[in-house]
Visitor: 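Pasting a structure here, questions to come.
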Amino acid sequence: MAKTVQSIRGMHDILPPETAAWQFVEGRLRELMEAYAYHEIRMPLVEQTGLFARSIGEVTDIVEKEMYTFEDRNGDSLSLRPEGTASCVRAGVEHGILHNQQQRLWYMGPMFRHERPQKGRYRQFHQIGVEAFGMTGPDVDAEIILMAARLWQRLGLADEVRLEINTLGSAEARAVYRRHLVDYFAYHESQLDDESRERLHRNPMRILDSKNPDMQDLVEGAPRLADHLDTESREHFDGLLALLDALGVDYRVNHRLVRGLDYYNRTVFEWVTDHLGAQGTVCAGGRYDGLVRQLGGRATPAAGFAIGLERLISLVAEHGFDTPAGEPHCYLGLLGEEAVASGHRLAEGLRDALPGLRLQVNCGGGGMKAQMKRADKSGAEFALILGADEVREGRVTLKPLRGGEQVNLARDAVANELATRLQLESKA
RNA sequence: GUGGACGUAGCUCAGCUGGUAGAGCUCAGGAUUGUGACUCCUGCGGUCGAGGGUUCGAAUCCCUUCGUCCACCCCA
């Protein structure tokens, strides 16, 4: 045990009982994307480091201390992607699919951040991301929020999450506001804690996020971004809230909601829950109208969000709908050497006839008792038994494992019997 | 990066102020020539996370290190 190799810290294997839940949730997500006519895009896991520095922001925690960065053999600095938006925009610009047109895209896959692991936070984690390009108005903001809302509905989580929303205004308005904020906090610098003092000039808006109880009064008294909004952003936000009202989406405006990535402007939102410990954000997103241009494309408005799959799946496991476990319908036991070839032939025939059938065939021999034990443990509803007697007589024994009488069937009647009992589509 | 708790069989855990490692589950076999889930019996399975120190003697005490969990920070 001493010399075994372990997985990298914060990077976890996902094992069979759990992969079933992942597949279920991923399936629902794909259906959701199709329901809104979004198209899948797949990007590399590795990009030039500069892409993330330029988009996420040089002074963010992600870029400063959380990226997996290494040197390629030719000396280029590469990084494992810490999030998907930057890569998606890069790919879109590189292939011209954002130029002068609308695009609705999604992707799903692993992301990497070198943080201290914690509940709901891992160094390799998975996100599904949605990005909509080329639409200026609040209607698309509302659309992506509706997508998320529908997902909670479909997974039985509607009562477990709530929407918080805010607007950051335009980059220009934010710059003005930022100056007011720095002035305010600088005036009260003696009341700032060490962290906030550190943030004062580097990233002052993050001070508003402080959870330090001693600073709540100071933060409450700070100038509000809402009072410094440019007219267009104000109207955009009002328009979005009106849409959400009209569509029956509940939300809470949270003036202190500031996203950690630099590229956001105007709308930002988070879906949060109380059931995930300290990492309560399941879904986060917003508008990033400047990013496409910043990464070398023609100015293109954009909005999107990302959902953390580990967080989503743990929420579903504890508070959402049951996910199917993927057990076989049927376990075929084979007694004796003479039954092996015959049994596999039978199994192949059943799989031909019943494409939806999940059939596990006994391998590795064993007596009746051992095979019945395996059948039970597999979770199958039925055992099929093929021994020397059955082979000789052209028959198969079907034994219900969860109650009911065992029956002896003609070999060519098995498919129909299973189709009926399991309510499967038959091809024959 | 900081702090707290914890690492003993494949899994869940017990093991007192130091005396040389146990249970349950799982798995294999049997009681039951070809019938699982209940019961009983037998068996397989451990350099006690790793390395060092103290000691006649360390799973137990000390140091270091790796890892897990949780929180801070930050975020999905």
Side-chain angles (χ1 to χ4, degrees), chain A residues 1-12 15 17 56 60-66 81-85 108-130 148 161 193-196 198-199 203 206 209-212 257-261 270-273 276-285 304-315 331 333-336 339 362 364-391 397-403 405-406 408:
Chain A
M1 194 159 341
K3 300 289 187 275
T4 55
V5 176
Q6 296 177 297
S7 69
I8 305 301
R9 178 172 208 189
M11 304 198 182
H12 297 303
L15 303 174
I56 295 167
T60 56
D61 280 7
I62 292 177
V63 168
E64 278 187 330
K65 46 196 187 197
E66 295 175 2
R81 62 186 190 189
E83 58 107 41
T85 301
M108 183 154 58
M111 307 293 166
F112 303 84
R113 291 183 201 171
H114 190 105
E115 299 178 272
R116 193 75 168 261
Q118 192 182 325
K119 185 181 183 68
R121 195 176 72 185
Y122 310 99
R123 290 185 174 183
Q124 174 171 335
F125 62 103
H126 298 76
Q127 285 187 336
I128 182 163
V130 165
V161 295
D193 58 23
D194 291 347
E195 260 169 38
S196 298
E198 161 75 19
R199 284 175 182 157
N203 206 342
R206 297 231 64 97
D209 273 345
S210 173
K211 288 165 197 152
N212 185 343
L257 178 65
V258 183
R259 311 259 42 261
L261 288 64
E270 282 187 8
W271 293 87
V272 296
T273 176
L276 289 176
Q279 312 299 325
T281 304
V282 201
C283 170
F305 67 73
I307 294 173
L309 295 190
E310 281 81 359
R311 292 179 187 180
L312 176 62
I313 286 163
S314 100
L315 258 191
Y331 189 100
L334 306 176
L335 297 168
N362 185 77
M368 181 63 135
K369 187 186 172 91
Q371 297 200 31
M372 290 311 293
K373 266 188 164 179
R374 289 178 197 150
D376 183 48
K377 204 183 154 214
S378 76
E381 205 167 323
F382 299 102
L384 290 172
I385 301 165
L386 190 73
D389 299 347
E390 284 88 349
V391 171
T397 299
L398 180 130
K399 176 187 171 82
L401 294 171
R402 318 293 157 199
E405 289 297 304
Q406 161 173 328
N408 187 273

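Numbered from 1 within each chain, the chains take letters A, B, ... in sequence-line order. Computed from heavy atoms alone, side chains included, the values below leave out hydrogens, waters and symmetry copies.
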Visitor: For the P atoms, the ones on B:U8 and on B:A59, what distance do you get once it is rounded to whole angstrom?
Guide: 15 Å
Visitor: Roughly how far apart, to the nearest Å, are B:C62 and B:G24 at atom P?
Guide: 32 Å
Visitor: Give the rounded distance in Å between these two atoms: CZ of A:Arg113 and P of B:C73.
Guide: 17 Å
Visitor: If we take the C1' atom in both B:U42 and B:G51, what is their distance in whole Å?
Guide: 40 Å
Visitor: Report the distance from atom CD of A:Gln279 to atom C1' of B:C72, rounded to the nearest whole Å.
Guide: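 So the two atoms are 10 Å apart, to the nearest Å.
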Visitor: Heavy atoms under 4.0 Å is the rule here; annotate nucleotides 25-31 of chain B 5' to 3' with B where the base is hit, S where only the sugar-phosphate is, and - elsewhere.
Guide: --S---B
Visitor: State which of B:C73, B:U35, B:G34 makes the closest approach to the side chain of A:Lys399.
Guide: B:U35
Visitor: Using 0.5 Å steps for rounding, measure from the CG atom of A:Asp61 to the NE2 atom of A:His114.
Guide: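 Between atom CG of A:Asp61 and atom NE2 of A:His114 there are 13.0 Å.
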Visitor: Determine the Euclidean distance between corresponding C1' atoms of B:G10 and B:C44; express it in Å to zero decimal places.
Guide: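 After rounding to an integer number of Å, I get 12 Å for this pair.
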Visitor: Using a 4.0 Å heavy-atom cut-off across all strands, classify A:Leu309 as base, sugar-phosphate, or nothing.
Guide: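 Nothing, no nucleic acid heavy atom in range.
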Visitor: Applying the Watson-Crick and G-U wobble criteria at under 3.5 Å, what pairs with B:G18? Answer none if nothing qualifies.
Guide: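 By the stated definition (distances under 3.5 Å), nothing pairs with B:G18.
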Visitor: Could you tell me which non-hydrogen atom of A:Arg123 sits nearest to which non-hydrogen atom of A:Pro117, and how far apart they are?
Guide: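 Heavy atoms of A:Arg123 and A:Pro117 come nearest at NE-CD, 4.1 Å.
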Visitor: Considering only atom P, compute the distance from B:G7 to B:C73 and round it to an integer number of Å.
Guide: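 Approximately 28 Å lies between the P atom of B:G7 and that of B:C73.
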Visitor: So does A:Gln371 reach the base of B:U35 with its side chain, donor to acceptor, closer than 3.5 Å?
Guide: no
Visitor: Measure from CG on A:Asp389 to C1' on B:U33 and round the result to the nearest Å.
Guide: 12 Å
Visitor: Give, for atom CG of A:Leu276 and atom CD of A:Gln118, the distance between the pair rounded to the nearest 0.5 Å.
Guide: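 Here the interatomic distance stands at 11.5 Å.
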Visitor: Any strand is fair game: report the nucleotide pairing with B:G36 by Watson-Crick or G-U wobble, both distances under 3.5 Å, or none.
Guide: none
Visitor: Scan nucleotides 65-69 of chain B against the protein and return all N/O pairs shorter than 3.5 Å with their distances rounded to 0.1 Å.
Guide:
from  : atom 1 : to      : atom 2 : distance (Å)
B:U68 : OP1    : A:Gly10 : N      : 3.1
B:U68 : OP2    : A:Arg9  : NE     : 2.8

Visitor: Identify the heavy atoms of A:Glu405 and A:Pro400 that sit nearest to each other, and give their distance.
Guide: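 That would be O-CD, 3.3 Å.
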Visitor: Considering Watson-Crick and G-U wobble pairs with both distances under 3.5 Å, what does B:C11 pair with?
Guide: B:G24
Visitor: Can any side-chain N or O of A:Arg311 pair as donor or acceptor with the backbone N or O of A:Thr281 at less than 3.5 Å?
Guide: yes
Visitor: Using a cut-off of 4.0 Å on non-hydrogen atoms, how would the nucleic acid contact of A:Ala284 be classed: base, sugar-phosphate, or nothing?
Guide: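 Sugar-phosphate contact only - A:Ala284 comes under 4.0 Å of backbone atoms but never of a base.
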Visitor: Expressed in whole Å, how much space separates the C1' atoms belonging to B:C66 and B:G52?
Guide: 15 Å
Visitor: Between A:Arg402 (CZ) and B:G36 (C1'), how many Å, whole number?
Guide: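 Computing the A:Arg402:CZ to B:G36:C1' distance gives 8 Å.
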Visitor: Do side-chain atoms of A:Gln371 reach the backbone of A:Gly366 as a donor and acceptor pair under 3.5 angstrom?
Guide: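 A pair under 3.5 Å: yes.
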Visitor: For the residue pair A:Gln406 / A:Thr397, report whether a side-chain donor-acceptor contact shorter than 3.5 Å exists.
Guide: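 Side chains of A:Thr397 and A:Gln406: no pair found under 3.5 Å.
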Visitor: Return the nucleotide paired to B:U60: Watson-Crick means purine N1 to pyrimidine N3 with N6-O4 or O6-N4, wobble means G-U with N1-O2 and O6-N3, both under 3.5 Å.
Guide: none
Visitor: If you define the side chain from C-beta out and look only at heavy atoms, does anything of A:Glu83 sit under 4.5 Å from A:Ile62?
Guide: no
Visitor: Sequence neighbours left out, cut at 3.5 Å: what donor-acceptor pairs do the side chains of residues 380-387 of chain A make with other protein atoms?
Guide:
none

Visitor: Using a heavy-atom cut-off of under 4.0 Å over every strand shown, decide if A:Glu390 touches base, sugar-phosphate, or nothing.
Guide: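 Base, at least one base heavy atom under 4.0 Å.
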Visitor: Which nucleotide, B:G34, B:U35, B:A76, lies nearest any side-chain atom of A:Met372?
Guide: B:U35
Visitor: Taking the C1' atom of each, how far is B:U12 from B:U32, in whole Å?
Guide: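 After rounding to an integer number of Å, I get 31 Å for this pair.
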Visitor: Distance check needed: B:A76 P versus A:Glu83 CD, whole Å only.
Guide: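 Atom CD in A:Glu83 sits about 8 Å away from atom P in B:A76.
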Visitor: Between A:Arg113 and A:Tyr122, is there a donor-acceptor pair closer than 3.5 Å when you use the side chain of the first and the backbone of the second?
Guide: no
Visitor: Would you kindly give the CD-to-C1' distance between A:Gln124 and B:A76, to the nearest whole Å?
Guide: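 Result: 14 Å.
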Visitor: Nearest whole angstrom, please: distance from the C1' of B:A71 to the CG of A:Leu276.
Guide: 15 Å
Visitor: Contact class for A:Gln406 vs. all strands (heavy atom < 4.0 Å): base, sugar-phosphate, or nothing?
Guide: base
Visitor: Determine which nucleotide pairs with B:U2, using a 3.5 Å limit on both distances of a Watson-Crick or G-U wobble pair.
Guide: B:A71
Visitor: Is there a side-chain hydrogen bond (donor to acceptor under 3.5 Å, both in side chains) between A:His126 and A:Glu310? Walk through the geometry before answering.
Guide: CA-CA 7 Å; A:His126 298 76; A:Glu310 281 81 359; 2.8 Å; yes
Visitor: Indicate the atoms forming the closest heavy-atom contact of A:Arg402 with A:Asp376, along with that distance.
Guide: NH1-OD1, 2.9 Å
Visitor: In whole angstrom, give me the gap between the P atoms of B:A5 and B:A9.
Guide: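 22 Å, rounded to whole Å.
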Visitor: Starting from C1' on B:G34, measure out to CG on A:Asp376 and report it in whole angstrom.
Guide: 17 Å
Visitor: Base, sugar-phosphate or nothing for A:Gly277? Non-hydrogen atoms, less than 4.0 Å.
Guide: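 Since only primed, P, OP1 and OP2 atoms lie under 4.0 Å of A:Gly277, the category is sugar-phosphate.
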